[in-house]
Number of protein chains: 2
Amino acid sequence: MRQGIPDATVARLPVYLRALTTLAEDGTATVSSEELAAAAGVGSAKLRKDLSHLGSYGTRGVGYEVEYLVYQISRELGLTQDWRVVIVGVGNLGHALANYGGFVSRGFTVAALLDADDRIVGETVGGLVVRPVDDLEEVVADQGVHIGVVATPAPAAQDVCDRLVAAGVTSVLNFAPVVLLVPDTVMVRKVDLSTELQILAFHEQRQVANRLSVDVPARVVALEPDGGTGRAGVSP
Amino acid sequence: MRQGIPDATVARLPVYLRALTTLAEDGTATVSSEELAAAAGVGSAKLRKDLSHLGSYGTRGVGYEVEYLVYQISRELGLTQDWRVVIVGVGNLGHALANYGGFVSRGFTVAALLDADDRIVGETVGGLVVRPVDDLEEVVADQGVHIGVVATPAPAAQDVCDRLVAAGVTSVLNFAPVVLLVPDTVMVRKVDLSTELQILAFHEQRQVANRLSVDVPARVVALEPDGGTGRAGVSP
DNA sequence: AGGCACTTGTGAACGGGTGCACAAAGTTGA
DNA sequence: TCAACTTTGTGCACCCGTTCACAAGTGCCT
Ligand SMILES: NC(=O)c1ccc[n+]([C@@H]2O[C@H](COP(=O)([O-])OP(=O)(O)OC[C@H]3O[C@@H](n4cnc5c(N)ncnc54)[C@H](O)[C@@H]3O)[C@@H](O)[C@H]2O)c1
Ligand SMILES: NC(=O)c1ccc[n+]([C@@H]2O[C@H](COP(=O)([O-])OP(=O)(O)OC[C@H]3O[C@@H](n4cnc5c(N)ncnc54)[C@H](O)[C@@H]3O)[C@@H](O)[C@H]2O)c1
């Protein structure tokens, strides 16, 4: 158990946590792995193995005490302390993020909003006054910021990220559609809408192909516009 | 190569595609796997293996022709056809999504915006008039919508999702912090800001722990407030 | 007390993905 | 034409994560 929870498990803990808090609000005192797994959309075996990485927090024959498990997962994720976040780029997306209540709900505080555009600087968004991006280093240092959120256009993202890292930020959440280069002491996570849509498109397409193949099995290979392969031999 | 590209590969293709279009804009005609891998933030061996699932589209000793590879990846992802998307819930996030240019940029068209709030219905956002959510079934049928984006508050999400599925949508992108239940013919992908932040928080915390352990290696295990378990046959 | 029903925690088999290392294939230059 | 160099495509070994299956606990009922 000790020493190193698998990344795949860490990525699921927040999901369990959400399911557990929902259960807690409904007044549920204990859950079995089966029930919690269903609520979290995973298999029960996987859930149990995941939780076993944290310790033995269940009771055989009974299940898990909801509140206790919430505390244990919160502690493991580091949610018992408050993490300060700075949002850089207060455009469409930055506005939405700044106004998002779920942000503060669990251990995250927006320390500042930064933007390069004079027309936006000074505006109040989500209860905070937008400050000029030149204040970045000052804000990070004074406010003890841990996490930087990059919501600028793609061309500015690497530059902003570099400044965040130089100022001491070691975790970055990136919404811009670029691969940010950082020293390996820094962790970057990327949220990319286009990527998600393209993955969905792939599966849509595949599903259409499958649907057709049920009707006309023999033709399925011929579906591709021009054989594709036509080339490959190349070099005409 | 034929018959089934690994999921892990599919998830990376959009990243390669983005890197390639950037290169194309810069006027680059060919790239080696090494260069492209660097631009995409992966190892070159992984990149080559990924591309090999699509076919043999490179030239040994030279690399890959950028435009040709863009076309092949686009075709594989199904981006040569236009996918129609409906956004349900035009609040903070829905506004941002509707105004997002990168949406349309590659094969995705926002067919309609839907909301349940009378004060928002009728408003024009991103060039589209927001329609009442009661039009959902009609919109999906008439516009031939393939992909549904759920940007409503959590309590409404499952209901909206059910209606989308019933109306014939087979791909859903969910921004609400709930696990959507769907028949297994439908694919759901979830974008969850809180999850991302919590994962970052975990690594922040771990990094802090490591930093301390450099200073006081012997104490690191003792850092935990109170062993918690009481149980756990473990521990010195 | 003892048997029964239930649930956790985990060893072990399995499967998919990653990275290495290299032969095959192509280019360049003499 | 040939040799030196570059780069792809892939067989293979390895590793991480998932899934199965069950022994070991726990509570309840008789
Ligand atoms: N809007 C969406 O739904 C959406 C979805 C996915 C990804 N994204 C990405 O998120 C990013 C932001 O999107 P958006 O729609 O909010 O764009 P936007 O143009 O509305 O906002 C960008 C903001 O960043 C500011 N900015 C520009 N350069 C800056 C700098 N160097 N330092 C600080 N601030 C700077 C601009 O002044 C502007 O206010 C983009 O990279 C976009 O591709 C947006
Ligand atoms: N704002 C963010 O940055 C952000 C980030 C991550 C996740 N989210 C999630 O995205 C969702 C939307 O967030 P938001 O900030 O835009 O919330 P919001 O309250 O601003 O917007 C929600 C919109 O959905 C509409 N709506 C409610 N019920 C509906 C229904 N049944 N059918 C159609 N429309 C309905 C409301 O009228 C409102 O306009 C939430 O679930 C939130 O947790 C938001």
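Throughout, a chain's letter reflects where its sequence line sits, starting with A, and its residues are numbered from 1.
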query = If you look at every strand shown and take non-hydrogen atoms under 4.0 Å, does B:G43 touch a base, only sugar-phosphate, or nothing?
reply = nothing

ask   = Tell me: CG of A:L47 to C1' of D:dG17, nearest whole Å?
value = 15 Å

ask   = B:F175 versus B:V150: any side-chain heavy-atom pair under 4.5 Å?
value = no

key: Residue A:S32, side-chain heavy atoms: nucleotide from C:dT7, D:dG9, C:dC20 that is nearest   = C:dT7

query = In whole angstroms, how far is the P atom of D:dG17 from the CD1 atom of A:I5?
reply = 12 Å

key: Dot-bracket line, read 5' to 3' along DNA chain C, where crossing pairs take [ ] and | marks a partner on another strand, Watson-Crick or G-U under 3.5 Å   = ||||||||||||||||||||||||||||||

ask   = What is the distance, rounded to the nearest whole Å, between atom CG of B:L69 and atom C1' of D:dT7?
value = 15 Å

5'-most by nearest nucleotide on DNA chain D - A:D50 or B:L51 = B:L51

key: D:dT18 phosphate, OP1 or OP2, under 4.0 Å from A:R12 side-chain N/O   = yes

ask   = Would you say A:L200 and B:R189 make side-chain contact, with heavy atoms under 4.5 Å?
value = yes

base_contact_polar (C:dG9 base, A:K49 side chain, donor-acceptor, <3.5 Å) = no

inquiry  = With a 4.0 Å limit, can you tell me whether B:S56 has a side-chain N or O closer than that to the phosphate oxygens OP1/OP2 of D:dG9?
reply    = yes

query = Just wondering, do B:L97 and A:L193 contact through their side chains at under 4.5 Å, heavy atoms?
reply = yes

query = Can you find a side chain N or O atom of A:T59 that sits less than 4.0 Å from OP1 or OP2 on C:dT8?
reply = no

query = Do B:Q205 and A:W83 come close enough that some side-chain heavy atom pair is under 4.5 Å?
reply = yes

message = Just the rounded figure in Å: distance from P of C:dA5 to CD of A:E34.
response = 18 Å

ask   = Separation of A:R48 atom CZ from D:dC20 atom C1', in whole Å?
value = 10 Å

task = Round to the nearest Å and state the distance from B:H53 atom NE2 to D:dT10 atom C1'.
result = 10 Å

message = Nearest to the B:D7 side chain among D:dG9, D:dG17, C:dG17, which nucleotide is it?
response = C:dG17

query = Within the structure, does a side-chain N or O atom of B:Y64 lie under 4.0 Å from either OP1 or OP2 of D:dG9?
reply = yes

ask   = Is there a side-chain contact between B:D7 and A:H203 (heavy atoms, below 4.5 Å)?
value = yes

remark   = Whole-Å distance, A:E65 CD to C:dT7 P, equals 17 Å

remark   = Residues passing the salt bridge (Lys or Arg N to Asp or Glu O under 4.0 Å) test with B:R18, sequence neighbours excluded, are A:D192

Phosphate contact (D:dT19 OP1 or OP2) by A:K46 side-chain N/O below 4.0 Å = yes

message = I'd like to know whether the aromatic ring centres of B:Y68 and B:Y57 sit less than 6.0 Å apart in this structure.
response = yes

inquiry  = Tell me if the side-chain of A:R60 makes a donor-acceptor pair with the base of C:dT8, cut-off 3.5 Å, by modelled atom types.
reply    = yes

Side chain to side chain, B:I199 and A:L13, heavy atoms closer than 4.5 Å = no

